[in-house]
Amino acid sequence: MNNDYKMPIVLIGNSFKYEIEAVCKLFFHTQRFDFSDNIADAKGADFIIASCKNSENKLLLSTEISLNGKVDHDHKILPLNTDKKNAEHEICRLIYHILQRKTGITPPWGLMTGIRPVKKVTELMAQGFSHDEIKKRLEDHYELSDKKFRLAYETAVNQLPILDNIDRSAASLYVSIPFCPTRCSYCSFVSHSMDSAIKLMPEYVTALCKELEILGRIVRDIGTKIDTVYFGGGTPTSISAEDIRRIMESVAQNFNLDSIREYSFEAGRPDTITEEKLRIIKELGADRISVNPQTLNDDVLRVIGRRHSGKDALKAFELARKVGFDNINTDLIAGLPTESAESFRNTLDTICELSPESITVHTLTVKRSASLFENGNENMSNPAAEMVDYSIGKLMDEDYLPYYMYRQKNTIDNLENVGYAQKGYESQYNIFIMDDTQTILGAGCAASTKLVYPDGLIRRVHNYKFPYEYINQFDQLMEKKKEITECLKKISSTTLK
């Protein structure tokens, strides 16, 4: 694949770049695009033209698409007063249908390009629509497949009891440990190998604890309750047991954890998990952890750059049980390079035998910053859809219910990431982060604070992505905390009224 090539997309009379690109990505997952408003740029064997024009007091939408030198086109006439959102959706539908014909691909989520398909279902439920009405609306508007609607609807049903009990006056706390032993080939997260970060670790831990102290003071002064705590990364257990203790003690000292509903810690990669670390994590309050092998196939683990074996993952799980954890999540990835459908089935079946309280099935996403992007087209030719279909049936048969879901760009076969849990073991933090209904306070390098105002406005405050920036520009970063203070005050005053 030529990563330098950009397919020309010419927009005439519209500025629908974002959504048109999202629709094109449904068919060309790793393709790059070059947008312009000059018809002369529509040249070569491949190009797309999307036009919106006033024609005889009507709105004429038209599109012309050339693939491999073969041209196809379509058009639609709408009333002149059609709003921008509907015009955008209809021109995307024209592009979708042409690409569907020319590529032979029918995306299972249809025209739905957003990352939160379940939210569309819960919104319609809240408006009082029935199952059949919701199904018709989503199928008509997005051309959603029947099996994906069923998955989204069932996920929404399982979320509702938790969503109904969200304390919107409270906040959750996310603590970022953005370090890993090595960088996996599929990874696009801002995480840093321990080899390069080890010298920065003492300063990083000091800065993180200082930020936790500042956030804790804000929360105490305003009287905001902390609802859930989540340690993520990276791989939080890639740091030393001593540093884990220091950071978790800082959380306990600066926040009132007496009434929190959930405390999660991503133990993550099995090669970083030790009994000492697990005992500290449990001692200092975490009641839910993740052990994330991604696959139990040793050959695949080597291909993606993991240093542990499948047996190591099973031992780490057993160790967590020995230490006393009774709420364990396990992450798997469907579609990893060289993984066969049979190999994935064997992994999932083995994990089910362990009976973790929750299992999250991700689908491989090929991001530009991941090394796998180099061979993007090759990665798209694997049995990910077969793996995902098997996981849905297998996990539901084992009494695991889908409870949260999100989608990402460049995901193989336009599939999804789904969290499944035994009844009563759904991660509340995972639902909160997807539903956008509770403020999430982010601490640490690459963490993001999501402020949810009483009127529904959402603002994000981003920490620096790299450890040296986070350390060296810490004082400037803390200036951003003023907005957090103002948001929490507004939430508190609204609640008191």
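Just so you know, these numbers use all the heavy atoms, side chains as well, and skip hydrogens, waters and symmetry mates.
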* I would like to know whether K394 and E398 meet salt bridge (charged side-chain N to carboxylate O under 4.0 Å, His left out); could you show each step before the answer? => CA-CA 6 Å; K394 172 67 176 178; E398 296 285 338; 3.1 Å; yes
* To do: Quick one: do K135 and E139 satisfy salt bridge (charged side-chain N to carboxylate O under 4.0 Å, His left out)? Show the steps, please.
  => CA-CA 6 Å; K135 184 173 189 290; E139 287 179 347; 2.7 Å; yes
* Dump the intermediate steps for side chain to side chain contact (heavy atoms under 4.5 Å, CB included) on S172 and Q428, then the final yes or no. => CA-CA 10 Å; S172 288; Q428 301 195 40; over 6 Å; no
* Given R345 and E386, is the salt bridge (charged side-chain N to carboxylate O under 4.0 Å, His left out) satisfied, shown in steps? -> CA-CA 10 Å; R345 287 195 298 271; E386 185 178 347; 3.5 Å; yes
* Show your reasoning for whether side chain to side chain contact (heavy atoms under 4.5 Å, CB included) applies to D413 and T363. => CA-CA 9 Å; D413 292 333; T363 307; over 6 Å; no
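By the side-chain contact (heavy atoms from CB on, under 4.5 Å) test, S259 is found to be paired with K225, residues two or more places apart in sequence or in another chain being considered. Under the rule for a ring pair (Phe, Tyr, Trp, His ring centres under 6.0 Å), F28 has no partner lying at least two apart in sequence or in another chain. A search for side-chain contact (heavy atoms from CB on, under 4.5 Å) contacts involving D299 returns N297, R302, not counting sequence neighbours. Residues forming a salt bridge (charged side-chain N to carboxylate O under 4.0 Å, His left out) with K147 (at least two apart in sequence, or on another chain): D389. A search for side-chain contact (heavy atoms from CB on, under 4.5 Å) contacts involving V452 returns T439, K450, I458, not counting sequence neighbours. Y403 is linked by a ring pair (Phe, Tyr, Trp, His ring centres under 6.0 Å) to nothing, counting only residues two or more places apart in sequence or in another chain. Taking Y263 as the reference, nothing meets the ring pair (Phe, Tyr, Trp, His ring centres under 6.0 Å) condition, with sequence neighbours excluded. Among residues two or more places apart in sequence or in another chain, the side-chain contact (heavy atoms from CB on, under 4.5 Å) test is passed with N256 by D258. Residues passing the ring pair (Phe, Tyr, Trp, His ring centres under 6.0 Å) test with H97: none are found, sequence neighbours excluded. Residues that satisfy the salt bridge (charged side-chain N to carboxylate O under 4.0 Å, His left out) test with E203, not counting sequence neighbours, are absent from this structure.
With a 6.0 Å radius and a threshold of 12 heavy atoms from other residues, nucleotides or ligands, K480 has its NZ atom above the threshold. Taking a 6.0 Å sphere around CD of E242, one finds it holds 12 or fewer heavy atoms contributed by other residues, nucleotides or ligands. Crowding of K119 atom NZ: a count of heavy atoms from other residues, nucleotides or ligands under 6.0 Å exceeding 12. With a 6.0 Å radius and a threshold of 12 heavy atoms from other residues, nucleotides or ligands, R279 has its CZ atom above the threshold.
With 3.5 Å as the limit, one finds a donor-acceptor pair spanning the side chains of T437 and D435. A side-chain donor from one of T365 and T411 sits under 3.5 Å from a side-chain acceptor of the other. A donor-acceptor contact under 3.5 angstrom links the side chains of N254 and S250, judged on distance only. Judged purely by distance below 3.5 Å, without hydrogens or angles, the side chains of N292 and T330 never pair a donor atom with an acceptor atom. No side-chain donor from either of Y96 and E143 sits under 3.5 Å from a side-chain acceptor of the other. Defined by atom type and a distance below 3.5 Å, a donor-acceptor pair is missing between the side-chain atoms of N158 and T155. Donor-acceptor pairing under 3.5 Å is lacking for the side chains of Q422 and S358. A donor and an acceptor atom, one from each side chain of T295 and R306, are nowhere located under 3.5 Å apart. Side chains of Y390 and D349: a donor on one and an acceptor on the other come within 3.5 Å. Side-chain atoms of S309 and D312 include a donor-acceptor pair closer than 3.5 Å.
Side-chain rings of F231 and F265 approach one another, their centers coming within less than 6.0 Å. When ring centroids are compared, Y470 and Y464 stay outside the 6.0 Å threshold.
With respect to the salt-bridge test (charged N to carboxylate O, under 4.0 angstrom), the residues R261 and D227 qualify. Under the 4.0 Å criterion applied to side-chain N and carboxylate O atoms, D146 and R150 are assigned as salt-bridge partners. Under the 4.0 Å criterion applied to side-chain N and carboxylate O atoms, E266 and R288 are not assigned as salt-bridge partners. Ion pairing between D436 and R116 holds under the 4.0 Å rule for side-chain N and carboxylate O.
R321 places a side-chain N or O within donor-acceptor distance of the main-chain N or O of F325, the cut-off being under 3.5 Å.
Sorted by first then second residue, the salt bridge (Lys or Arg N to Asp or Glu O under 4.0 Å) pairs that include residues 101-114, not counting sequence neighbours, are D72-R101. Sorted by first and then second residue, the pairs that involve residues 322-337 and meet salt bridge (Lys or Arg N to Asp or Glu O under 4.0 Å), not counting sequence neighbours, are E275-K322.
Cation-pi check for R459 over Y453 is not met; the charged atom does not lie both under 6.0 angstrom from the ring centroid and within 45 degrees of its normal.
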